Amino acid sequence: MAEDLLRAEHISKRFGGVVALDDVSLTIRAGEICCLVGENGSGKSTMIKIISGVYTPDEGDIYINGHHYKRLTPIEAIHEGIQVIYQDFSLFPNLTVAENIAINELLASGKQVVDWKEVEQIAREGLARINASLPLDAVVETLPAADRQLIAIIKALLANARIIIMDEPTTALTQREIQALFNVIRELKQRGLAILFVSHKLNEVMEIADRTVIFRNGKKVLDQGAAGLDIPTMAYYMTGRRLDTSAVTFEKIDETAPPLLRVEGLTLHGGFYDVSFELKAHEVLGVTGLLGSGRTELALSLFGALPADAGRIFIEGKEVVIRSITDAVAHGIGYVPEDRIREGLFLDQPIADNITVTLIERFLRRLGLLDLRTKSAEAERWIRHLEVKTPSGELPVKTLSGGNQQRVVLAKWIARSPKVLILNGPTVGVDVGSKVEIHELIRQLAHQGMGILLISDDIPELMQTCHRILLMRAGRIAREFRREEITEQALNAELVAAATVESR
Ligand code: ADP
Ligand code: MG
């Protein structure tokens, strides 16, 4: 069993009437990456400040390297090898890389004259410790956040850190930079350091944690080895609510793959403005917002029904022009409308015909080119594939239940194998059972490689199906929720905020 470097026991901390921590214990062990997880306000930063001597707890004891502290001071914490890397990294922005790395040693040495050779030597050794290479004479403020973070880590190492605490360290980093940081963290762990990684991004925690500690409302609600912990379980402990998504596995998306659909600065006057996003294969991207937020107009633009006034659309990296529905269909975009009865189906026509009648095929029919036998075989295949509950494909669509009607609309588009499928309110007006099945179907389509744009204001639906969600407000993308940020509370709060702004 690894050595306990730090034990904080029965810590309580109040700020006025707010109980920030309530009888919380936390152990930090050598060679272990411990992730501290919790929603905003759950007490994570307060705990960090207590174990680094910034705050004194109202109750509780701290043991570090066998020494007992009732009142730990910041200097004592540093002497015990505790180093906190804050989000701003606490660097001198107008000094160079070498100067920032060496400054503590320079100050400690008390020398009057700075020996630049020595500064460079210290910096080089520091960089070598984490196998990093940075230009020694670059001014720190010109560097990206990831590089500044490396400097902060090196400084911590040079200060003889045994425990490195990182408070939400990935906030300003790109996906690649996050991976580079994780490599550094693993390297530190190999050398026997303890890492306390504070985050609320559960996918990162999944990737990096040896042990996971979860705080909720100032209490520790979970402390266990990372093996066997999954995101829904963590989400449950964070929020205290069992989310329906616990049963759902989301398709893995290849983050390095080029997007299926890329939209840049798309604008439709009176509808939406400067909308940019990417959609990958296997991804379900939610678009939510109140009625009038521009979400349906956006869908109709991508589908060519309301061509955009400005902006660019790329399909598989190639720029395309979508001026009409025919253009959209030719580029592999499918659309299932909001009002399936009015827009999507010919209720009196046979189910089979509804499946095979897409706009393109109507053109073909006009030209007399449609092969009727292939058509009905194709329809039967989709009826079976999507489990449309009907005794015969020759019955009119109006004989089907709402959920099954929606399957027919979906089948109609899936039969054309679109690359990108836009679903607008796919479960509006269907019963609960069918809803669940349609969600399953959406996940299946994503599994097969389609990129899906799901327009919906049904929060559980978005949670059940989406990898990411774009929130539109007054025609613009107001916020993007990544998977780990998607909670019912967060979405509700944003929609309520949007409603307040828009009703002014
Ligand atoms: P987290 O880092 O998990 O988001 P914090 O530890 O920052 O949470 O905050 C926990 C609770 O304590 C919150 O309710 C916060 O408002 C409160 N709190 C934190 N620091 C202070 C402070 N200095 N003064 C008053 N309240 C504080
Ligand atoms: Mg915090």
Side-chain angles (χ1 to χ4, degrees), residues 6-28 33-62 71-74 77 82-90 145 148-149 152-153 156 163-173 178 181 185 195-206 208-209 211-224 229 231 233-241 479 481-482 484-494:
L6 178 147
R7 278 184 295 126
E9 295 193 345
H10 303 293
I11 302 290
S12 292
K13 178 73 183 172
R14 285 173 291 275
F15 295 103
V18 176
V19 181
L21 291 173
D22 182 6
D23 192 14
V24 174
S25 298
L26 178 70
T27 302
I28 297 178
I33 300 169
C34 176
C35 285
L36 176 55
V37 188
E39 292 193 309
N40 281 330
S42 58
K44 306 183 296 293
S45 293
T46 302
M47 184 51 118
I48 291 177
K49 286 178 180 150
I50 285 174
I51 61 181
S52 57
V54 177
Y55 291 159
T56 306
D58 299 328
E59 281 151 52
D61 297 280
I62 301 172
R71 302 179 141 263
L72 177 72
T73 67
I82 296 173
Q83 287 284 327
V84 183
I85 297 175
Y86 289 103
Q87 275 171 10
D88 65 0
F89 311 133
S90 316
R148 284 180 278 141
Q149 188 170 52
I153 293 172
I163 299 173
I164 293 187
I165 301 171
M166 300 185 182
D167 196 357
E168 311 260 353
T170 61
T171 310
L173 305 188
I178 290 171
L181 172 67
I185 291 177
I195 312 292
L196 185 66
F197 182 97
V198 181
S199 181
H200 60 257
K201 300 185 188 169
L202 297 181
N203 58 341
E204 293 178 0
V205 174
M206 283 292 287
I208 196 81
R211 185 163 53 97
T212 303
V213 174
I214 301 184
F215 284 4
R216 182 169 78 234
N217 293 334
K219 290 195 171 70
K220 184 168 83 172
V221 292
L222 184 101
D223 187 341
Q224 73 172 61
L229 257 190
I231 287 180
T233 308
M234 288 193 275
Y236 168 66
Y237 280 100
M238 276 172 75
T239 61
R241 302 172 63 172
R479 197 177 152 188
F481 292 86
R482 278 160 301 167
E484 66 276 14
E485 297 169 328
I486 300 174
T487 63
E488 199 171 343
Q489 295 95 313
L491 286 171
N492 258 325
E494 286 285 350

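What you see is a predicted model; the values in this text were computed from it and never measured. Counting convention: from 1, in listed order, for ligands and their atoms alike.
- Remark: atom 11 (C) of ligand 1 lies closer than 4.0 Å to at least one protein heavy atom.
- For atom 24 (N) of ligand 1, a protein heavy-atom neighbour is found at a distance under 4.0 Å.
- Thr46 OG1, 3.8 Å is the protein heavy atom nearest to atom 9 (O) of ligand 1.
- With distances taken over non-hydrogen atoms, the option nearest atom 3 (O) of ligand 1 out of Lys13, Arg216, Lys44, Met47 is Lys44.
- The side-chain heavy atoms of Leu196 and Val213, taken from C-beta on, include no pair separated by under 4.5 Å.
- For Ser45, the nearest N, O or S atom to the Mg ion (ligand 2) falls under 2.8 Å.
- Counting protein heavy atoms only, atom 13 (C) of ligand 1 is closest to Gly41 O, 3.8 Å.
- Atoms of ligand 1 lying under 4.0 Å from at least one heavy atom of Ser45, given by number and element, are 1 (P), 2 (O), 6 (O), 7 (O).
- Scanning the protein heavy atoms around atom 14 (O) of ligand 1, the nearest turns out to be Val18 CG1, 3.6 Å.
- Not a single heavy atom of Phe215 lies less than 4.0 angstrom from ligand 1.
- Within 6.0 Å of CG in Asp22 there are more than 12 heavy atoms belonging to other residues, nucleotides or ligands.
- The side-chain heavy atoms of Leu21 and Pro57, taken from C-beta on, include no pair separated by under 4.5 Å.
- Assignment of Gly38 to the shell around ligand 1 is not supported, since no heavy atom sits closer than 4.0 Å.
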